[in-house]
Participant: 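Below is the structure I would like to discuss, written out as structure tokens.
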Amino acid sequence: LDPPRAVPDPYGWIRDDDRTDPEVLKLLKEENEYTAAVTGKLNGLRSKLYDEMVGSLRETDHSCPGRDGPWFYYTRTYEGKSYRAHCRAPAVGGDGDGDGDAMPAIEWDGTAESPVLPGERVYLDENALAEGRDYCDVRSASESPSHELLAYTIDHTGDEKYRLRVLNASTGEEVDHDAELECDGSVIWGADDSSLYYVEMDEQQRPHKVYRRRLGSSRRDGEKNELIYHDPDETHYVSIHKSSDRRYLFVDTSSMETGEVHYLDLSDPDARLKCVASRRTKVLYEVEHREGSWLITTNASDDPPSANMKLVISPAEEECADRWTAMTDERGRVLFDGGNDRALDDVSAFRGHAVATGREGGIPRIWVVSFSDDDDESEPNRVTRFRRLDFEEEAYDVGLGPNYEYDASHVILSYDSVITPLQSLAVPLDDRDDPTELRRVLKSKIVPGYDKSLYGCERAAVPSRDGATRIPVTLIYRKDVMERHSLAEEGAAAASVPVHLYGYGSYGCPVEADFSSTRLPLLDRGIVYALAHVRGGGEFGRPWYEEPSGAKYLCKENTFRDFVDAGRWLVCDRKLADPDRLSCEGRSAGGLLVGASVNQCPGLFRAAILGVPFVDVVATMIDASIPLTAGEWEEWGNPNEERYYDYMMGYSPVNNVRKGAAYPSMLLTGGLHDPRVQYWEPTKFAAELRYNSNNYNNNNNGDGGRDGEKSGARPVCVKMEMSAGHFSASDRYKYLKELAFDYAFLLDQMGLVGEEEYDRE
């Protein structure tokens, strides 16, 4: 921009990077008080919703155990306790003998006192770590190669700055801790118990440096840390992980469009960090290792990059880009060619197989690649079979479960759908025909009181206004609600039902058709829950996300148009709802989606929930001093450039509130310590809405319109968590209470609360 342009920011004074300004804290306190006054009559309803949510939760439960050497590892939860306990139990004989991935026979009686598996030991109890704390998040809990030590990272504020601690896994005694050390939360062990690796963040909370920390030495804390990698590029984020065979440490540094991977041979004490392939602009790649070869997912291609990621293979060497070749099956057919039809996300290697995850037809998919088991070591990665695993339901979510063993003969999958609770499945890797009867259900999530036969779902393809795009929309409902709607006279007021539309649509992250027990209180009150799989997500691979036909950069508005088109379809074509019975919700970048959509068509929705919403787009993205901003320029564009400034100003919710328009009732939530979406964004948007909209039938009254419940008022409320970050409460019960608050607001504004359900004066 030359000359620079000022960003309109009348509420810029609300920003306080230190979170200590008395006037700002007073404002946030008053916002919470106003919201409490508006919703004060809903205390009983909130309690009822909370009880229903807890009632559909098996409070004392466990995750699916996964074998790692001589132990099965899993987590447990207990009734009345807010956090997980990390547990392990001896595998066969307790010494690692027997089948390398033998599945445990669980005969647990469901009580807190009984072990899930014989010999169970709790090696880390998050409830103890959370005592006396308002917030507690354990990001990593990683056992050492000998299984004698445990490294874990913990955040007690919600600002996503983690502390690293190392314990004796058997006694709980602290072995190593540096009070000055902060990291991004990831931690990886070296070849043995003597070293581990972590990632340090810069002042903008960008992961940028990888350190090796030596344990057991007499050196002082700071001298134990050896810098092994640094990326000064402010658009690149650094991460670390191990290859599935645990031979290599991978250091991945990538922006949203360009990647580079370095590797360290952990089997060689003198090894140095080497680069798989030097970065090339707009070329992304990720690396796995199997039997002397790199398995690489990449969009590298002749200009331009391929639409989706390819699967290529090369010798496990440095700077090997000129040796990347497409992986083919036994007939010479390319497995993943980067075309539009099949999208590849990731590959995990096993001794005799590889398992690929991705998407096809808008649905998550799993493929199994089988390799030759001949003794000919010259072709250990020759493909002998390639197959897709199929499932009976039309729409579902599926991914990898706890697979720790490289020598496994089964792969553990996590499977659910909008009406099927989560299952952990063991699928044989060697089976050629994959009959479903050979799949073993290791664990099915029990949802107390849930009767699957009462609920239904359907998936529709909604035409977008561009005439070329079909937007998937998944509907979840009680069957009796939909039956009554179908029997009602077409066009009659009684025919409409309340519908809640949810969306996200950014970063290539799809909204999955998965199960959520917390939807049940809405479904059981007659609401149809709709998932809008809008562009900007990854439902159909990268073309659904990238320019020119996705929703990124200068085509970002496709996200908002798709969402509005889905809402209009529900009202005008599907004739399911009407504008007084249609609500919407989005969180984080999904909050941007909702904010931009209600600006585009404020009369389409009766109520809206915006969770930690990214709504002050230009003022945030123009300022690289705000944490994580520079790395986002390859998602939204850099508004310091004129074309992006003009385009982003055209949809930034704070800057496009319609003067005099009647907006839906709105609840905006935030976290004071949120490093991703700063607390001032929802606060500023609420002020703009009150000042400019007609929600209170009055404007410019000196207090931003926040003057109580006037006739016909549609309130704009802010609920600011003063001890949380981006991901809401870490306490699972507190999280449900917050969700009950959101849903009570929604039900009230939608006119779905009976007089007997309100609190009496």
Participant: Could you tell me whether a side-chain N or O of Glu634 sits under 3.5 Å from a main-chain N or O of Glu257, the two making a donor and an acceptor?
Facilitator: yes
Participant: Do Trp636 and Tyr651 have ring centroids that are under 6.0 Å from one another?
Facilitator: no
Participant: Is Arg385 salt-bridged to Asp430, going by a charged N under 4.0 Å from an acidic O?
Facilitator: no
Participant: Look at Glu330 together with Arg382 and state whether they make a salt bridge at an N to O cut-off of under 4.0 Å.
Facilitator: no
Participant: Could Glu547 and Lys552 be called an ion pair, given the rule that one side-chain N must be under 4.0 Å from one carboxylate O?
Facilitator: no
Participant: Quick one: do Arg365 and Asp345 satisfy salt bridge (Lys or Arg N to Asp or Glu O under 4.0 Å)? Show the steps, please.
Facilitator: CA-CA 10 Å; Arg365 305 290 188 183; Asp345 290 334; over 6 Å; no
Participant: What are the two closest heavy atoms between Pro315 and Cys320, and how far apart are they?
Facilitator: O-SG, 4.1 Å
Participant: Determine the minimum heavy-atom distance between Glu405 and Arg67, stating which atoms define it.
Facilitator: CG-O, 3.3 Å
Participant: Let's go through Asp184 and Arg139 carefully: what are the C-alpha distance in whole Å and the side-chain angles of both, what is the deciding distance for side-chain contact (heavy atoms from CB on, under 4.5 Å) to 0.1 Å, and is it a yes or a no?
Facilitator: CA-CA 9 Å; Asp184 74 339; Arg139 177 174 173 188; 4.0 Å; yes
Participant: Quick check: do Arg279 and His236 have side-chain heavy atoms less than 4.5 Å from each other?
Facilitator: yes
Participant: Is there side-chain contact between Leu429 and Ser409, with at least one heavy-atom pair below 4.5 Å?
Facilitator: no
Participant: Is the shortest heavy-atom distance from the side chain of Val418 to the side chain of Leu531 under 4.5 Å?
Facilitator: yes
Participant: Using the ring of each side chain (for Trp, its six-membered ring), is Phe250 parallel, tilted or perpendicular to Trp294, with breaks at 30° and 60°?
Facilitator: perpendicular
Participant: Given the side-chain rings of Tyr455 and Phe515, with only the six-membered ring counted for Trp, is the space between their centroids under 6.0 Å?
Facilitator: no
Participant: Just so I know, are the side chains of Pro463 and Arg470 near enough to count as touching, which here means a heavy-atom distance under 4.5 Å?
Facilitator: yes
Participant: For the rings on Tyr647 and Tyr553, is their centre-to-centre separation under 6.0 Å?
Facilitator: no
Participant: Can you find a heavy atom in the side chain of Val368 that is under 4.5 Å from one in the side chain of Val427?
Facilitator: no
Participant: Could you tell me whether Glu394 and Arg459 make a salt bridge, using a distance below 4.0 angstrom between a side-chain N and a carboxylate O?
Facilitator: no
Participant: Would you say the side-chain atoms of Tyr645 pair up with the backbone N or O of Val618, donor to acceptor, closer than 3.5 Å?
Facilitator: no
Participant: For the atom pair OG (Ser370) and CG (Asp329), what is the distance rounded to the nearest 0.5 Å?
Facilitator: 11.5 Å
Participant: Which atom pair, heavy atoms only, marks the closest approach of Ala395 to Ser417?
Facilitator: O-CB, 3.5 Å
Participant: Has Lys445 got more than 12 heavy atoms of other residues, nucleotides or ligands less than 6.0 Å from its NZ?
Facilitator: no
Participant: Considering residues, nucleotides and ligands other than Asp341, do more than 12 of their heavy atoms fall under 6.0 Å from its CG?
Facilitator: no
Participant: Got a second to check how far Asn403's CG is from Ser244's OG, nearest 0.5 Å?
Facilitator: 9.0 Å
Participant: Are a donor atom and an acceptor atom from the side chains of His241 and Asp252 found within less than 3.5 Å of each other?
Facilitator: no
Participant: A cation-pi test, strictly: NZ or CZ of Arg439 under 6.0 Å from the centre of the six-membered ring of Phe391 and no more than 45 degrees from its axis. Yes or no?
Facilitator: yes
Participant: Taking Arg351 for the side chain and Ala408 for the main chain, is one N or O donor matched with an acceptor at less than 3.5 Å?
Facilitator: no
Participant: Would you say Lys479's side chain and Ser453's backbone share a donor-acceptor pair under 3.5 angstrom?
Facilitator: yes
Participant: Between the side chain of Asp416 and the main-chain N/O of Asp514, is any donor-acceptor distance below 3.5 Å?
Facilitator: no
Participant: I need the Phe336 CZ to Asn308 CG distance, nearest 0.5 Å.
Facilitator: 10.5 Å
Participant: For a 4.5 angstrom cut-off between non-hydrogen side-chain atoms, does Glu632 reach Tyr507?
Facilitator: yes
Participant: Quick check: closest heavy atoms across Leu582 and Gly567, and the distance to 0.1 Å?
Facilitator: CD2-O, 3.9 Å
Participant: Let me see the working for Asn299 and Lys282 under side-chain contact (heavy atoms from CB on, under 4.5 Å), right down to the final yes or no.
Facilitator: CA-CA 9 Å; Asn299 66 342; Lys282 291 190 179 293; 5.7 Å; no
Participant: Apply side-chain contact (heavy atoms from CB on, under 4.5 Å) to residues Leu284 and Thr298 and explain how you reach the verdict.
Facilitator: CA-CA 6 Å; Leu284 292 165; Thr298 181; 5.8 Å; no
Participant: Going by atom types only, do Glu288 and Ser348 share a side-chain donor-acceptor pair under 3.5 Å?
Facilitator: no
Participant: Can you tell me if Arg535 and Thr469 form a side-chain donor-acceptor pair at under 3.5 Å?
Facilitator: yes
Participant: Going through the checks in order, is the side-chain contact (heavy atoms from CB on, under 4.5 Å) test met by Ser588 and Arg676?
Facilitator: CA-CA 8 Å; Ser588 193; Arg676 296 173 184 256; 5.7 Å; no
Participant: Where is the tightest heavy-atom contact between Val534 and Glu539, given as atom of each residue plus distance?
Facilitator: O-OE1, 3.9 Å
Participant: Quick one, Met621 and Thr629 - any side-chain contact, counting heavy atoms below 4.5 Å?
Facilitator: yes
Participant: Can you confirm whether Val199 sits close enough to Tyr229 that some side-chain heavy atom of one is under 4.5 Å from a side-chain heavy atom of the other?
Facilitator: no
Participant: To the closest 0.5 Å, what do you measure between NE2 (His500) and CG (Leu570)?
Facilitator: 12.0 Å
Participant: Check for a donor-acceptor pair, side chain of Tyr396 on one end and backbone N or O of Tyr415 on the other, with a separation under 3.5 Å.
Facilitator: no
Participant: Cut-off 3.5 Å, side chains only: do Tyr477 and Glu483 have a donor facing an acceptor?
Facilitator: no
Participant: Counting N and O atoms only, with roles assigned by atom type, does the side chain of Ser597 sit under 3.5 Å from a partner on the main chain of Leu593, one being a donor and the other an acceptor?
Facilitator: yes
Participant: Using a 3.5 Å distance criterion without hydrogens, assess whether the side chain of Thr235 forms a donor-acceptor pair with backbone atoms of Ser255.
Facilitator: no
Participant: What is the minimum heavy-atom distance between Ala551 and Thr559, and which atoms define it?
Facilitator: CB-OG1, 2.9 Å
Participant: Once you round to the nearest 0.5 Å, how far does OH of Tyr529 lie from OG1 of Thr474?
Facilitator: 11.5 Å
Participant: Once rounded to the nearest 0.5 Å, what's the spacing between atom OG of Ser549 and atom CZ of Phe540?
Facilitator: 12.0 Å
Participant: Ignoring hydrogens and angles, tell me if any N or O in the side chain of Tyr502 forms a donor-acceptor pair with the backbone of Gly590 under 3.5 Å.
Facilitator: no
Participant: Looking only at side-chain N and O atoms, does Ser506 offer a donor or acceptor that is under 3.5 Å from a partner on Lys556?
Facilitator: yes
Participant: Can we say Arg574 and Glu458 salt-bridge, meaning some charged N sits less than 4.0 Å from an Asp/Glu carboxylate O?
Facilitator: yes
Participant: Counting distance only, does the side-chain N/O of Arg290 pair as donor-acceptor with the main-chain N or O of Pro380 below 3.5 Å?
Facilitator: yes
Participant: Do we see a donor-acceptor contact under 3.5 Å between the side chains of His533 and Asp562?
Facilitator: no
